[in-house]
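Okay, structure first, notes after.
Nothing here was measured: the structure is a model prediction, and the numbers come from that model. In what follows, every heavy atom counts, from backbone to side chain, and hydrogens, waters and symmetry copies are set aside.
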Amino acid sequence: MEGKDQCFSSDEEPPVSPTGQYFNSSALSVSILAVFESEIPIDDSPTIETLESVFLPINPRFSSIMVKDKNGVTRWRKVTVNLEDHINIPSFPPKLEHYDKYVNEYISKIAYDQLSQSKPLWEIHIIKYPTKTAQGTLVFKLHHSLGDGFSLMGALFSCVRRADDPSKPLTFPSHKAKKSQKEAFWSGTIRGMSMGVNTFRDFGWSLWKSTLGKDDLSPMRSGEIGVEFRPINICCNEFGLDDIKRIKDKLGGTINDVISGVIFYGLHLYMLDCGHDPNTSKVTALVLLNTRNVTSYQTLEELTKPKAKTSWGNNFGFLHATVPKCENAKEADPLYFVTAARKLIKSKRNSLSVFLTGKFLEMMRKIRGPEVTAKYIHATLKNTSMTISNLIGPLEQMIIAGHPVKSFHFMVVGVPQSLTITVVSYMGKLKVVMGAQQGFINSELLTSCMAISFQRILEATKLNKT
């Protein structure tokens with residue numbers, strides 16, 4: 001799915017991209033929470049100045065609202081921003097040593113609260129209370145119609161500096177640029193034939209899953225109507241990137257293969273601990289993919305260049321991935337889940353299903369309109385058990401308005417699923433974050449199962465002689 005909007009002058013009202021309309025419709029209202037944990041107590045005095053001089057200039061969308069013109073076209077209209085309307089500073093009971101319970105409950109609440117359509121679709125929450133992991137917490141809530149995770153996190157990274165040397169830019173883990181899916185199609189006859197088979201299978205299965213193929217109810221899928229409006233618990237596991245690379249180097253593949261295997265194994269262990277046989281249920285993850293052919297975030301200046309490699313907007317697709325089955329998972333070789341994940345991901349990469357799905361949605365929008373298309377996407381999400389997405393964070397420590405960032409993560413909220421999983425790297429650590437439906441998923445048990453999964457896979461890697 002693609003949607004590109006360049007920066008516009010005050011007298012212009014560019015149309016909202018199709019994907020932006022899908023994510024802000026009667027069927028869907030999806031946002032992103034970006035959570036930054038501070039090493040020091042938060043001083044909120046520079047907030048207004050920082051937002052005005054750094055955040056708002058990043059893109060006109062941060063100063064715009066959605067309106068419909070006389071022809072029914074949804075457009076971005078620039079408005080005067082009252083920054084105080086976007087800043088929230090909660091108050092909790094005094095004189096507690098740690099405020100983890102209050103902070104978690106507060107973040108859970110803002111996760112399902114709807115953003116006001118009468119002002120620009122973002123807000124900031126400054127939580128000036130210590131937890132066991134931070135002296136204060138800063139939460140940005142950004143509506144997904146403003147841009148995809150790549151655009152929005154890139155915008156936030158434009159607001160921060162390196163803690164060790166603010167004059168230097170942040171750096172990110174690099175990887176080789178990949179060919180686009182169109183280019184890859186012509187890279188070889190044999191691979192082309194394989195891609196054709198995979199594309200036909202994956203695209204057909206995606207259509208079936210979006211319409212008729214609901215996942216079974218399980219400890220990860222309640223199937224409740226309106227689950228996107230229910231409170232969630234956000235829980236995290238943090239793993240060392242060096243350990244993950246050690247597993248990768250031993251087994252081959254990529255870091256994504258390893259962490260996918262850890263997640264799949266952890267889900268198996270969780271279902272077993274809940275007294276549910278994972279092999280009796282269809283469990284599918286909807287994996288969100290960045291479709292830009294780039295290797296790292298771009299600066300504000302790079303994004304706004306006329307010939308930029310990529311542009312601001314929603315540029316992503318999704319694919320369905322079945323969680324591998326395994327008999328007696330607690331006794332089985334944990335490395336099976338990593339090798340199964342690698343095989344699955346390799347097959348999905350060698351497919352044009354994401355490209356065809358985007359074309360199909362665009363055709364549906366032109367014929368039946370954005371609201372019908374949004375309902376189709378809602379059904380696609382509702383019929384699966386979870387969503388998985390990932391972003392790359394900087395190698396160096398960040399500093400926001402003089403506040404060193406100890407840790408950060410993001411979460412996609414407003415999705416009609418009981419479980420959402422996000423993955424982000426930062427300062428040599430990789431964090432797996434789970435947004436779990438409150439009162440249905442045991443978030444403490446799920447976190448424990450993910451930790452056990454990673455530890456067993458790491459230990460099995462050390463014992464593996466191949």
Scan side-chain atoms only and decide if [X] and [Y] contain a donor-acceptor pair under the 3.5 Å cut-off.
X	Y	answer
D216	S218	no
S222	S418	yes
T384	H320	no
Q417	Q437	no
S385	D215	yes
Q21	S145	no
S116	S118	yes
K431	S407	yes
E228	H378	yes

Between [atom1] of [X] and [atom2] of [Y], what distance do you get to the nearest 0.5 Å?
X	Y	atom1	atom2	value
L446	L267	CG	CG	6.5 Å
L142	S31	CG	OG	8.0 Å
C235	M411	SG	CE	8.0 Å
K128	L138	NZ	CG	12.0 Å
Y270	M434	OH	CE	10.5 Å
I388	T420	CD1	OG1	10.0 Å

Taking C-beta and beyond as the side chain, do [X] and [Y] meet within less than 4.5 Å on heavy atoms?
X	Y	answer
L381	L28	yes
L121	F62	no
K429	F239	no
C449	D273	yes
T199	L356	yes
L419	R221	no
V415	V30	yes
C159	I58	yes

Under 3.5 Å, side chain of [X] to main-chain N/O of [Y], donor-acceptor pair present?
X	Y	value
T280	D277	yes
T137	I127	no
K282	G213	no
Y99	P93	yes
S448	E444	no
H268	P324	yes
N237	T447	yes
D85	K119	no
T373	G369	yes

Q. Considering the options K78, R77, K68, which one meets the salt bridge (charged side-chain N to carboxylate O under 4.0 Å, His left out) requirement together with E13?
A.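 For E13, the salt bridge (charged side-chain N to carboxylate O under 4.0 Å, His left out) check succeeds only for R77.
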
[X] and [Y] aromatic centres sub-6.0 Å:
X	Y	answer
Y376	Y22	no
H86	W122	yes
F172	Y426	no
F92	Y129	yes

**Q.** Heavy-atom pair of closest approach, residues V287 and A321
**A.**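 Between these two residues, the closest heavy atoms are CG2-CB, 4.1 Å.
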
Q: Measure across P57 and L51 and return the closest heavy-atom pair with its distance rounded to 0.1 Å.
A: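 Distance-wise, the nearest heavy atoms are CD-O, 4.2 Å.
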
Q: Check step by step if side chain to side chain contact (heavy atoms under 4.5 Å, CB included) holds for L146 and W76.
A: CA-CA 10 Å; L146 296 170; W76 291 109; 3.9 Å; yes

Q: Assess whether salt bridge (charged side-chain N to carboxylate O under 4.0 Å, His left out) is satisfied between R365 and E362, documenting all intermediate values.
A: CA-CA 5 Å; R365 182 189 68 85; E362 178 61 13; 2.6 Å; yes

Q. Where does the angle between the aromatic ring planes of F408 and F36 fall among parallel (under 30°), tilted (30 to 60°) and perpendicular (over 60°)?
A.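 It falls in the parallel class, under 30°.
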
Q. With sequence neighbours excluded, what pairs up with E123 under the side-chain contact (heavy atoms from CB on, under 4.5 Å) test?
A.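 Residues passing side-chain contact (heavy atoms from CB on, under 4.5 Å) with E123: N88, L115, H125, K141.
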
Q) Step by step, would you call N233 with N104 a side chain to side chain contact (heavy atoms under 4.5 Å, CB included)? A) CA-CA 7 Å; N233 289 323; N104 292 337; 6.0 Å; no

So with a 6.0 Å cut-off around [atom1] of [X], is the heavy-atom count from everything else above 12?
X	atom1	answer
Y112	OH	yes
K214	NZ	no
L212	CG	yes
Q114	CD	yes

(Q) Assess the residue pair L445 and C274 against the criterion (side chain to side chain contact (heavy atoms under 4.5 Å, CB included)); give the C-alpha distance rounded to whole Å, side-chain angles, the decisive distance to 0.1 Å, and a yes or no. (A) CA-CA 9 Å; L445 177 60; C274 289; 4.1 Å; yes

Q. Any Lys/Arg nitrogen of K101 or E105 sitting under 4.0 Å from an Asp/Glu carboxylate oxygen of the other?
A.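 Between E105 and K101 there is a salt bridge, with a charged N closer than 4.0 Å to a carboxylate O.
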
(Q) Between Q438 and R230, does the side chain to side chain contact (heavy atoms under 4.5 Å, CB included) criterion hold? Intermediate values first, please. (A) CA-CA 7 Å; Q438 203 173 98; R230 300 186 183 279; over 6 Å; no

Q | Criterion salt bridge (charged side-chain N to carboxylate O under 4.0 Å, His left out) on R75 and D69, from CA distance to verdict | A | CA-CA 7 Å; R75 297 183 177 276; D69 65 15; 2.8 Å; yes

Side-chain donor-acceptor distances from residues 256-266 under 3.5 Å, at least two apart:
{"unit_1": "D257", "atom_1": "OD1", "unit_2": "T254", "atom_2": "OG1", "d": "3.3"}
{"unit_1": "D257", "atom_1": "OD2", "unit_2": "T254", "atom_2": "N", "d": "2.9"}
{"unit_1": "D257", "atom_1": "OD2", "unit_2": "T254", "atom_2": "OG1", "d": "3.3"}
{"unit_1": "S260", "atom_1": "OG", "unit_2": "N256", "atom_2": "O", "d": "2.7"}
{"unit_1": "Y265", "atom_1": "OH", "unit_2": "R456", "atom_2": "NH1", "d": "3.3"}

